[in-house]
Each structure stands twice: as C-alpha cells, then as structure tokens.
Visitor: 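Quick one: the structure is below, questions incoming.
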Amino acid sequence: MMDIKRVISTIEKGYIEENLKKEKRVDGRGLWDYREFDIKTNTIAAAEGSADVLLGDTRILTGIKYDIGEPFPDTPDEGVCTIMAELLPLASPLFERGPPDQQAIELARVVDRGIRHADCVQTKKLCIEPQKAVYILFVDMYVINHSGNMIDCGGVGSLAALISSHIPEGRWTENGPEWTGGYITGKDIIKELPLPITYGKIGDCIFLDPSLPEQLVCEGFLTISVSSSDITSIQKSGVATFTPEEVKMLSKKAFEIADDLRNKLDLWQYATQIE
Amino acid sequence: MMDIKRVISTIEKGYIEENLKKEKRVDGRGLWDYREFDIKTNTIAAAEGSADVLLGDTRILTGIKYDIGEPFPDTPDEGVCTIMAELLPLASPLFERGPPDQQAIELARVVDRGIRHADCVQTKKLCIEPQKAVYILFVDMYVINHSGNMIDCGGVGSLAALISSHIPEGRWTENGPEWTGGYITGKDIIKELPLPITYGKIGDCIFLDPSLPEQLVCEGFLTISVSSSDITSIQKSGVATFTPEEVKMLSKKAFEIADDLRNKLDLWQYATQIE
Amino acid sequence: MMDIKRVISTIEKGYIEENLKKEKRVDGRGLWDYREFDIKTNTIAAAEGSADVLLGDTRILTGIKYDIGEPFPDTPDEGVCTIMAELLPLASPLFERGPPDQQAIELARVVDRGIRHADCVQTKKLCIEPQKAVYILFVDMYVINHSGNMIDCGGVGSLAALISSHIPEGRWTENGPEWTGGYITGKDIIKELPLPITYGKIGDCIFLDPSLPEQLVCEGFLTISVSSSDITSIQKSGVATFTPEEVKMLSKKAFEIADDLRNKLDLWQYATQIE
Amino acid sequence: MTLLIQDEYPEKLFRDDGKRLDGRDPFELRPIKMEVDVIKNADGSAYIEWGNNKIFASVYGPREVHPHHLAKPDRGILRVFYRMATFSVFDRKRPAPGRREKEISMIISDCLEPVLFLELYPGTSFEIFIEVVDADGGTRCASTTVAALALADAGVPMRSLVTSCAVGKIGGQLVTDLSGIEDKAGEADLPTAITWFNDELSLLQFDGQISQSELEKCLDMAKDALDKIYSMQLDALKRKYIKIQEDAENQGGATEE
Amino acid sequence: MTLLIQDEYPEKLFRDDGKRLDGRDPFELRPIKMEVDVIKNADGSAYIEWGNNKIFASVYGPREVHPHHLAKPDRGILRVFYRMATFSVFDRKRPAPGRREKEISMIISDCLEPVLFLELYPGTSFEIFIEVVDADGGTRCASTTVAALALADAGVPMRSLVTSCAVGKIGGQLVTDLSGIEDKAGEADLPTAITWFNDELSLLQFDGQISQSELEKCLDMAKDALDKIYSMQLDALKRKYIKIQEDAENQGGATEE
Amino acid sequence: MTLLIQDEYPEKLFRDDGKRLDGRDPFELRPIKMEVDVIKNADGSAYIEWGNNKIFASVYGPREVHPHHLAKPDRGILRVFYRMATFSVFDRKRPAPGRREKEISMIISDCLEPVLFLELYPGTSFEIFIEVVDADGGTRCASTTVAALALADAGVPMRSLVTSCAVGKIGGQLVTDLSGIEDKAGEADLPTAITWFNDELSLLQFDGQISQSELEKCLDMAKDALDKIYSMQLDALKRKYIKIQEDAENQGGATEE
C-alpha cells in the first residue's frame, strides 16, 4: 500500500509513471475520472454558511463569515468576497506551521480567480446602501486532510458553502446598518457555478484530479476554471511545460468534465431555506 | 554557594529536594514564609505612577501610563486597565531577546487575572464622558533582576504603582477631553487589594514563594489570587499535578498569607497626595 | 584586478593601506577627490520625480511619490518629507534579503539628517490647507549597484530627484483636496542644497569618498553634511575614533568640497519645466 | 462598522423551571460525541463534538524536532498548537494565531505532559495540532480531552488518559460544563483536568469571584463530570478496535493485514 | 485622504482609426530595449525597457544556500525574488514585499527552471533578483524575459532561452502585449512564456472570461509575439560579445584578456 | 484621541538671570549618580541617574553566540541592545523596539568596541543590555557612560573607559549637557564620546545648524564635560572595591573571599 505519509520513493514514482504510460492509475481510475465527492453543508453553527467536502480522502472545511464595511469608491454599490486558505499542519506532515506559504496562497488564489470573473458572486446583492455599507464575505478554507488536488476540492467547497449561506439582511438607517430580521441566502448571492478542473502532468502523461502520490510525482499542473460557457481562469504551476495543442485540448475537456460534475453534484440542493 | 546563573545541577537539585522533605529550605525559610519585600514608589518622573519592588533579589519596576480612548460599546462608562510584562534579558541569562515569550505573557496574565475580577480597579472612575472618552491605564512591569517568583513580586508592584498613580483629570468639552488642572489618584481608582500567592511543588512538597534555585527544580506552580473575601484567580502552571485536597488546603492558606502580607506592606501608604 | 565580489583579502587590505600611507589610492585618485558623478533625471514615468545617479560604479535610483494627509498638530501648515533606502540584494552579494538592515537605515537617516535642518525642503510650500491637508513626500532610494559611499551618492540623488519633481497642485474645497490642474515643482519646494561629504579612515589615513575596496578596509567613517553656510549633520560610524583636531579639519574641508561639487553638478539644471 | 446583530447576553441564565437555558440541569453535561482515527495522514487523530464545539486533533511523533535547537538531548519534547478557525466564533477571528491561542496551547501541553514517558524519546518531538472549527464555550477542556484521545490513537505510550471539564458559577449557582453564553454572562469558570494514573488535577484555572466553600464544592462537581467523560473516551477507543476487528472479519479468513 | 488625481479608466480602448490608445495595431508589441551586463557586482545581469516598464535583473550563483536547510543534497535550487520599487506605480507601493510579489516570484521561478540543469549543482542555489522600477502592465512577462537574459549573461548553462509575452482581450477584441491601462480596463489578460528547447509553454495564466475559440486564437497570437521578442533577446546577447571583442581589439594585439 | 495635556515647548530656554530653565549655568552638567554591581544575575552591571534619566546596563560574556551563525571564527563580537521602557517618556512608547532604538544600539556598540580586545575572544560574544527606565534627554550619552561602567564591573579587559556627553546650542547659545526640553526646543545637539586610551572621539553625531567656529567651540566644551564625568565613573568603580574590602573586613580575619 502506498504510504502517503512520506515523500514518495523512487520505486513508487516509477510505478506510478509506468502505469500512467499505459493510461492506468494506481487507484484504478481512468485518466479523466474524479475521485468521489462527498458534501455536507451547514455543519458549523458559528458560521453563516459552511461546507465539509471530501474529494477521495482530501477534506476541506469551508466557512462563511461576513462583516459590514464601506464599499470601494469605484464600485460604490458592490460588496466584496474574499477567499482564504489554511493548510493546517494537522492535515499532513507535509504542511508546516507559520504564516500561509506559497501553496496556501496558491490554493486561495486559484479558487478565487475561477470565481471572480464568472458572474458567480452577485456583488451588487451584497450592497446595503450605495457608498455607505456593503457586505464583506469571507470564504475561509481549512484543509483537514490532504490527499491531493486541494484546488478542485476547495473550489467545490467554496461554492457549496456560499450556496448554503444565510446572512442577516441589513437596511440602512440614520444610525447605520440595522437588521431587518430577514436573511440573504446563497440563492440570492450566487449565480454561475464555475468549477476549477485540475490536471497533473508526468512526462508526457496528463490526467485529471491527481491524488497525493501522483501529485508528489507530477512535474506540474494545469488548472482551468470554467463556467457553463466561458473559461474564467487558467493557472499553470510547477515546472512542467505544455504544448499549445495540449492546452487547447485540456480546455475543451474542462468544459465537458465541469458540465458532468455540475449535474452530478447538484450544488443548489444545499441552498438554505429560511422560512 | 548556589550559582543562579546557570540551570541548576543535579546535585543542587538533590540538595533542595532533600531539605524540602525535612520541611527545610536552602535559604533558611520555613515552608510558608515569604522573602523580604522592599518597596519604593514614584521613582520614575515620566510615569504617572511607579513602583520599584524587591522580593528577595527579584526586582520588578512597574510604571503607569495612560491614554484617552473611546469606551467599549458594552461598557460605555468604564475605562480600561491593561497589564504588560517584559522579562528584560538584562535581568537574567535565562531571558532571551525578542517578542514576549510564554513566561512574560503568563506573568502579565496571572497578575492581570488576580486584579480583574476583584473589585480592585474602579473602571467607572476612569470614565471622562460615557460613550465618548475613558482612560486606558497601562500597567507595565519590567523585570530588572529575576530570582524567582516574579508573579507575587509583580502583583505587589502593580498594586503599589496603581496606588501611587496621579493622572491628569479630564472633563468633556465640545473640543474633546480637557484637563481640569486636577488629578485622579490611586485612592480614587483602587479599592480591593487582591494579592497573588504562589506555591511551588517538588515531588510531594509544596511551599510558598519559590526562590530561583527552587523554581528551576519545581515541577509546577499554583498561584491563587485572593482579595479579603474571595478567590479571584487560580492558575496552575508547569507539569506538576495537585490533588483536589491540596488545592483546597492551599486556597485556605492563601487567604491567611494574603491577610498577613496586606497588613505588613500597608500599601495605602504609597498613595500620592496632591495638594 | 581587485575583486569587489568578495570580502577583501589580507593582501588587498595591505595594498590599500600601504598606498594610503603614501597618500595614494588604488584607483589613482588623490585623497580629497570624488569619483565621477553621472546624473539622469525623470527616468521613471510613474514617479513624480526621479534621479538615476552614478558615483563611480555606485548607482542609486531615487524616486519621488506623494500622498495627502493631515499635518502634525504642532506644525499645522507644513508638509512632510520622508526618506527611505533599500539596499537591493540585486546590487551586491553583500546585501541580504529581508527588512531594511542597519546599513539601509543608516543610509536613509544620514541623508535625511543632512537635509532636515538645512532649509532645503520648504515644508510650508507642501501645505494645501493649514490643519487640513498637506503633502507627504516620499524620497525612496534604491541601490542598484554598490561600489562604496552610498551616502554621498544618495545625498546627490535625493536632491536631484526632489529638484526634478512635479507634483499635482491641490487646493482645498468642501469635498477635500482637489487638483488645480497645475503642478508644484522642485523649484518651488527646494531652497538650500546641503550635501553629505563622507570620509573614510584607515589607521591614521583619512580620505574622501571611499570606494568599495577601501570601504571594506576602513575602520570607520565620518559624514559631514554642509549647506552653503552651515554644518547640518555629522555622523561618525564604524569603530574608528577621530581626534577633535581631525574633526575640525574635516569639517572645514567639507565646506570647500561641497562648494566645488555644487558648482560642478549644477543641480538646478534638473528642475522640471511645466509649461 | 457596527455589526447588524449584537451578540447580547441574556438577562437570566436559568429558566422558570429551574433548568439552564439549553434545558440542562445544573450538574448535567452537554451532549458529547467522540471519534478517533479521523485524519488519515496523522499518526493519531480524534474528533469531538461537545455541545456546539467541534474540534479536530492530530498527533505526529515521535519525529525530528524543527527547529533543531529546540531538541533536548535527554528527553523528547511535547508541543501543542491550539488554534481556532476564523469562522468558529461569532465575530470572525483573525487568521493569525493570537496570544490567547498560544497561552491555551501551553496550558494543554502542561496538562498532557505528565502522562507521557518523554524521557524515553530523547531528541524527538511529539506534536499535537488542535483545530477548533466551531466554538461554544469550554474549548480548552474539550481540546484537552480530544488531544488525549488522539495521543492514544497514535499508540503513544501513556501513564493514563487525561480528561478535562469546566465547572463554574452562573446566576449565583454552581453548575457543570458552562456553555458559551454561560461562560460570558456567568460569574466564574473553573476548567479542570485529571490525570487518571494518579487521580490528580493537571489543569486548574480560574477567573472570577468565589468563596473557599464554593471552590471546594466545585472540585467535587468536577470529579463527577470527569468520571462521565472518561468513560466516553474509553468507549471511543473501544469502537475503533471493534471496527478494526469487524473490518478484518469482513474481509474473510484470508486477511493478514 | 483621497488623492488629488483619480487613476481613471478611459471609456474606449480603441481610437476612431481602429488603433489602440498608444497608436499600436492589435498585434503590435510596445517598443522593447534590452541590455545585458548592467550591474557590475552581479554574476550576470540585464535591463529591459518594455513600453514604460523598466526592470533590472541580476543573477548570483551557483553559491551557498542561505538559509542552509533549504539546500538539496541532490540538486541545486532556483530562487527568484520579484520586487517592485515603491515609486514604480501610480499609488506608492508599500516597501515590504506583498503577496502578489511572492506569487509572481514563484511563477517566474517555475517558468525558468525547466531550462536549467539544476541536477548538476547539488547543494547550491541560483538566485535571481528582479526589480521593477517603472511599471506599466505586463511586468511578469518582461521580468521573465529579462531574467532569462541575466541567466545567459551569467554564463549559467541553459537548455535554451525563455521568452514571455501576454496576449488578451480588450474592448471585445483580441490584442497582443497589453499596456497597463489595457490590462486594467480590458476584459482578459493571458501571460505566456515559452521554453525554446521544446517549444512548450512554461507560463500560462489567465483571469477573465473568454471562449474556447478565443483561447485558441490567443495562443497562436502569443507564438508570433514570442518569436519577435526572442530575436531581440539574441541581439542583446550578441551586442555584449561584439562589445567585448571590440574592447579587446581596441586594446591592441597584446591583449590576453 | 488628543491627550489631555500637551507636551508644549517653553518660549525661552534661559531665565532672566541668564541661567538655564533648571537653574544651571551654560557649561554645567546635570546632577549625576552612578553605581556598579546592581543586577546580581549579570556578569557586570551598572546604574546611572543623570538628571531625570535613569538607566540600567548589564553585561553578559564572553559567552556562546546566539544565533550561532553570527559568531566570528577570529574574534569575539560585541552586541548592544539599547531599549526604552514604555513608561520612560511622556507619551507611552510602544513595547516593540523601534528603529531609533536599533540605531542607537549600533552607535553605542561602535563607540565601545574600540576599547575592547575582541581579538582575544574568538567565537564568543559580549552582550550589553541597556534599559532606559526614565528618559529626559541625552539617553544615548548616559547609556554609553553606564555601559562602559558595566563592562568594567564585569571585569572585561579594556584599553580604557569610555565616557560620553552631549553639547549643543539652545536659544542661540552653546551649552553643555542638554536636558530633554532643551534638546527638543533647542537648535542643535551634538553627542560625543571619548575613548581615554587615545583621547579620541568614538561617538560624534549632530543634527541642526551650526557654523564651523561653533563646532570647534563645542568640541572644546565637550572635552571639559567628559573629564568631569570620567572622574565620577572612576569614583563609582572605587566605591565598589571599597565596599568589597569593607565587607571582607567586617566578616573578620577568617575571610578568604
């Protein structure tokens, strides 16, 4: 059995590569298969929305909090949504304590970028009073167990947490923002459902959703975030290089994979009902 | 002679333990005796109150400064009193440079806790105008020489410095707070005199006011802060464990010891007279 | 050839010292000669003023930025000018990454001090509306190549950048500061031209403008900043000591050297013309 | 800007029927669930739900000490890192660890160390990472309890388990296991922990105002509560071994694991 | 306080004659100047002016790794430090390096590493310092391009040069080499880089909204632009060797360098 | 919020009788008291009261260097840490050391190092910790003076003592030893220090505006002041040895120290 607790050995590396050349993966998946997703939402009482998402053994807990602030001068009627990630040292011997490292920053940024330009978060719905008060949403991802491909797991987790959210509705008064007694929910805030689709590359082999052993062997990764109609973000990481033709093919494939996943996960089922 | 400049040797450790089993201490004290306290107040011209306290060779210089700020929304007519400690590397080869370490944080917190719930600092007297302006008092302890039991030394030092304080009295005007020309003094601000009483534990032996050699041998400590009538704080530190019966006994003893000390030190003598 | 890329060897050290005893320098200069200055201004489009100054091979790029802020209460009609320096690790294997070290702080401080008391920056011209809005000028020096005597190079660079500056002119309105459409230029802001004059000392030999090999051998330095009539700053650094007589002589010489340099560089030629 | 909804304290902490706001009797614990072996990558791990508190703990070690200079030549070291997730509390917590988190880490460390045989592991470290993902009062006690379980799950030799629970005083009455609102609105909170190998207290903290007799009563109440939680810890560990056994049996006779 | 002058976006990014605001055709590059060997103290260095961007890069290595624990026993490491000067942008940048700078540093490092033979330099590091002193859009591409030149100037063995350029979409049209204003006001920016030894993309990032067919077109446009910039890089390197040769010849026959 | 009492500068720095605000003549020092061996734990220590300045200094060393990489194989290093207590100034100082404190630390270090034989202590460090607990102008000079005493108290071999004092210009007049108010309201402050083994200046700083002739006069005034303070330093050291002797005698003939 593969020991994910230490950096991969040369033998394991060879085994993974050998299999990939035959289009086989060590866990039995096909090249373009995801591991299983398992989603629970609203597990955190103190959060205004949350999702506990498993992708295989990778587990990310995402919570939503909010604050009220002044809008940016150039978008006076739009709220703000920020995404943060912590790779808890609890989750893997590969994670170190201390301020967020490159990997954590990358996780947050790639998830954020996929969402930002996709007509996903309706920032105008996060406005209480133009020029005065808007919501600042915090989408905070905590990695509880790291078994590879945190980005796609976090992407689904962020959407599920946002969809599950229920934020006290404010109205503007002379004394500042005041609670109406009602709530704004994920159905009000979220529109498009962009998904990050992450490929790994080892030698000339490219495949979907790298598991941790595969990830430790990979020379690089390509994440393509797609909404139903558009590419909303691309991020190459690692030292692998890709031919332009590979990029074109993987982008096309991302649309297909994301469509399938959106159907299968049916994320709207996690919307909170406020009676 | 015991060399306090290095971590205690096994022989010294054995010697201290051997004596304690016979209820003897290496400096000749009984199990429940304090070393001598020596107190000087108002030694610092730039501070609004100060105390230079020796407990044996342990020396802590405590100064009072203030600022004016807005009150917390849930206590609109109360000022704030914060306690900080610095273990100056000047004071001991055991102290390192850098941001406050666990030991410094613990010193400040334990002293602070003993005071906070004891009806000691009259925070309502630190209000200039409800919802607008209150005093923020800073009680800053600097350890000048460390010979054991900084907590009890700092507890006495903080009270003495607060009692010695003399803070420009403010009144609220249209232009903000303004000096009345008068002063608020320690007699206005301070009421109860809670004292932290610290015990050390080595094996099954428990004793008051550990000196530095004893402290280096101790497995743990128990600090019980008491006002004239109440326990206001308990803090166990170190890896020693205590039976519930020991805790009950030491708490009872803390009341007796604190009563004695309050009589002996007569801290009110250090109140500043503003004519 | 002298290898400036590593700390100077004993042989090189001896060679430099030997020559200095004969009042000779390894690069052929006399004891009181500067290396060549080469100045280009307004090279940075994004800055409100800039100077790219070479002193021999030492190269410092200085840029001017501004912000608008409230004045200090005790100088309600005066703007502020702050000087910062970064020793880019790009510039020398001797420079390390990380927050500004002692050498960078010293560079900024010594340049700043020479200017601050010299009637150089006309801070009252940096006022938009007393008590409301003043300019904060940032003079930021970036060391691009370090071949010794960064202070004198930075001193000239800061003056040249300030003289070249062109800052949007503001007027006070009900809605805060507003652009008049015009500019404040270096001619409006700058009056005196104080220059830092830096001497090195090796054994008993003192000389002007140490090159990097000389600087690595020096026991200490003396920087004397002078305006046309006054000494405005003195800074001794390093472990060298100077007799009072040496200080008096070097101060006198600083006036002569600075006068020569001011004539030669003709810094006012870099003033920006706004038509 | 002021938040829309203030986190206000109730005026009374007992209902008219004498029960506490969440329906508990004075000496009643909140519902507690525990599970071990929840984080695959860790050498040992555990999860606890204690009222609304939800906390993960994982253990790594014995392993090399980073940074190296912290290693001790004659014994292992124990390092505890207690952290709270940003979304675990009413007002979002800043992501960087605060003083409170460092202080609680030290307290938990002091509380667990007495049961370990660190002298057998010179030059190495045991690291316990605790993440509070949902907080509702008493997190240091729940964290200590779940951390002890994670140590046991990791197979680290221990003199005994450690169990922790707070008692305190609210609305003038002594109660067991204060909830978040009781902790904030009440008068006094006294977290305790017990090392079962010697039946002594390895955690004892208090802030507030109580008399000598109240303290004595509190310590007795704590002992009752600790007994109950201890048996839940043992159950959680048993369930793991039952599960391992069942898994083995389900795989048929040919398993050689 | 609000700044006097707002950094406002233009309403249109194309002029009436179909040209871009700076007079360029859609697939036209901004003027680019490059020079190597500009920082005497460095093992290798280069300077680029690309439109209003002005960027220095210097290379040190192979040299000892600081801090030591980052060294790898079986290979050298590449470390890239991309920084922007405070005065390089409209609103003064804070002096401390921000997240964006760290992120771009990593991207450039990943982009250059494929051409290096790091396996030949165990235990050592190559460090590339990049300082953007004037910024006007596309600094990561210009920085990658100038850093590759600095590596070549340092004589570090390379599989090939690396060249970088962005393409993107503004006002609904695909264009090459976005300027600062086009980047901010446009819809999409796609930085690319190519490693010439295998003609593959070693940098690929994108933020915005484009269709599959637009992406395909963009990649083709990028290739054209990269070809042009590559020849400028080669020219800059040639000029250095011509200069060295001329300097040698000017010193007469007796030179032995 | 604005403080209740403004720290305002007086309009005149001389009284009608020509004396300074604190009653001193232009060239008169403030009252100075010094004492050595005041911190038991230190290898050497001293305390100074100089006007309202109150400063402790302690010396540790020669001892191992932390962090290790700062150690020099061919000589010892001197490290000086000058710090001010939060309550030592009118407006509470922030607890973290600021740039000013680091800068003054370096200046004092440069100023003391010439008298040490660091070449005799390869691989080790001497550390001087200085804590200003009450500040009233001239703390760097008082700190240098008390640090030299602490070094002597520690028995560290020295070429000579070091003494420091400021001179300056206030209300148009040259004066010795500026107080806090004179430093802030005056025109110029010139701290100096002397290494007695060669009678040279090892500290020299200046900010303000003075002429060449004023500088020359200042240096002469400084020499007079330094002479006076030097003899006080020697007295403080003598008092220690007298005390040791007395203590020994008081213990009777059987002492063998």
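This is a predicted model, so every value here is computed, not measured. In what follows, chains carry the letters A, B, and so on, assigned in the order in which the sequence lines appear, proteins first and then strands, with residues in each chain numbered from 1.
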Visitor: With a 6.0 Å cut-off (strictly less than), is the heavy-atom count around CD of Glu96(C), excluding the residue itself, greater than 12?
Guide: no
Visitor: Whether the side chain of Lys40(E) engages the backbone of Thr58(C) through a donor-acceptor N/O pair (distance < 3.5 Å, no angle test) should be reported.
Guide: no
Visitor: Between Phe56(E) and chain C, which part of the residue has a heavy atom less than 4.5 Å away: side chain, backbone, both or neither?
Guide: both
Visitor: Report the distance from atom CG of Asp91(E) to atom CG of Asp67(C), rounding to the nearest 0.5 Å.
Guide: 8.0 Å
Visitor: Which bit of Ala57(E) is near chain C, if near means a heavy-atom gap under 4.5 Å: side chain, backbone, both or neither?
Guide: backbone
Visitor: Measuring only between side-chain heavy atoms, which start at C-beta, is Arg63(E) closer than 4.5 Å to Pro93(C)?
Guide: yes
Visitor: Between Val89(E) and chain C, with a heavy-atom cut-off of 4.5 Å, which part of the residue counts as in contact: side chain, backbone, both or neither?
Guide: backbone
Visitor: Are any non-hydrogen side-chain atoms of Met84(C) and Pro95(E) less than 4.5 angstrom apart?
Guide: yes
Visitor: Measuring from Leu88(C):CG to Ile130(E):CD1, what's the distance to the nearest 0.5 Å?
Guide: 12.5 Å
Visitor: What is the distance from atom OG1 of Thr86(E) to atom CD1 of Ile64(C), rounded to the nearest 0.5 Å?
Guide: 9.5 Å
Visitor: Please report the interatomic distance OG1(Thr43(C)) to CD(Glu49(E)), rounded to the nearest 0.5 Å.
Guide: 8.5 Å
Visitor: Could you report the tightest heavy-atom contact between Ala45(C) and Lys54(E), atom names first, then the distance?
Guide: N-NZ, 4.2 Å
Visitor: Flag yes if more than 12 heavy atoms outside Lys102(E) fall under 6.0 Å of its NZ atom; otherwise flag no.
Guide: no
Visitor: Minimum heavy-atom separation for Asn145(C) and Ile39(E), please, with both atom names.
Guide: OD1-CG2, 3.2 Å
Visitor: Just wondering, do Phe87(E) and Leu61(C) contact through their side chains at under 4.5 Å, heavy atoms?
Guide: yes
Visitor: Go through the atoms of Thr62(C) and report whether side chain, backbone, both or neither lie under 4.5 Å from a heavy atom of chain E.
Guide: backbone
Visitor: Just verifying a value: how many Å separate Ser92(C) OG and Tyr60(E) OH, rounded to the nearest 0.5 Å?
Guide: 5.5 Å
Visitor: Ion pair present between Arg92(E) and Asp140(C), side-chain N to carboxylate O less than 4.0 angstrom?
Guide: yes
Visitor: Checking Pro97(E) against chain C: side chain, backbone, both or neither under 4.5 Å from a heavy atom?
Guide: neither
Visitor: Using modelled atom types only, decide if a donor and an acceptor are shared between the side chain of Tyr142(C) and the backbone of Glu131(E) within a distance under 3.5 Å.
Guide: no
Visitor: Please give me the minimum heavy-atom distance between Ser88(E) and Ala46(C), naming the atom from each residue.
Guide: O-CB, 3.3 Å
Visitor: Using heavy-atom distances under 4.5 Å, tell me whether Ala85(E) contacts chain C through its side chain, its backbone, both, or neither.
Guide: both
Visitor: Can you name the nearest heavy-atom pair linking Ala91(C) to Asn41(E), along with the distance?
Guide: O-ND2, 2.8 Å
Visitor: Side chain to side chain contact (heavy atoms under 4.5 Å, CB included), that's the test. Do Arg83(E) and Glu86(C) meet it? Break it down for me.
Guide: CA-CA 11 Å; Arg83(E) 295 284 309 275; Glu86(C) 285 216 31; 3.4 Å; yes
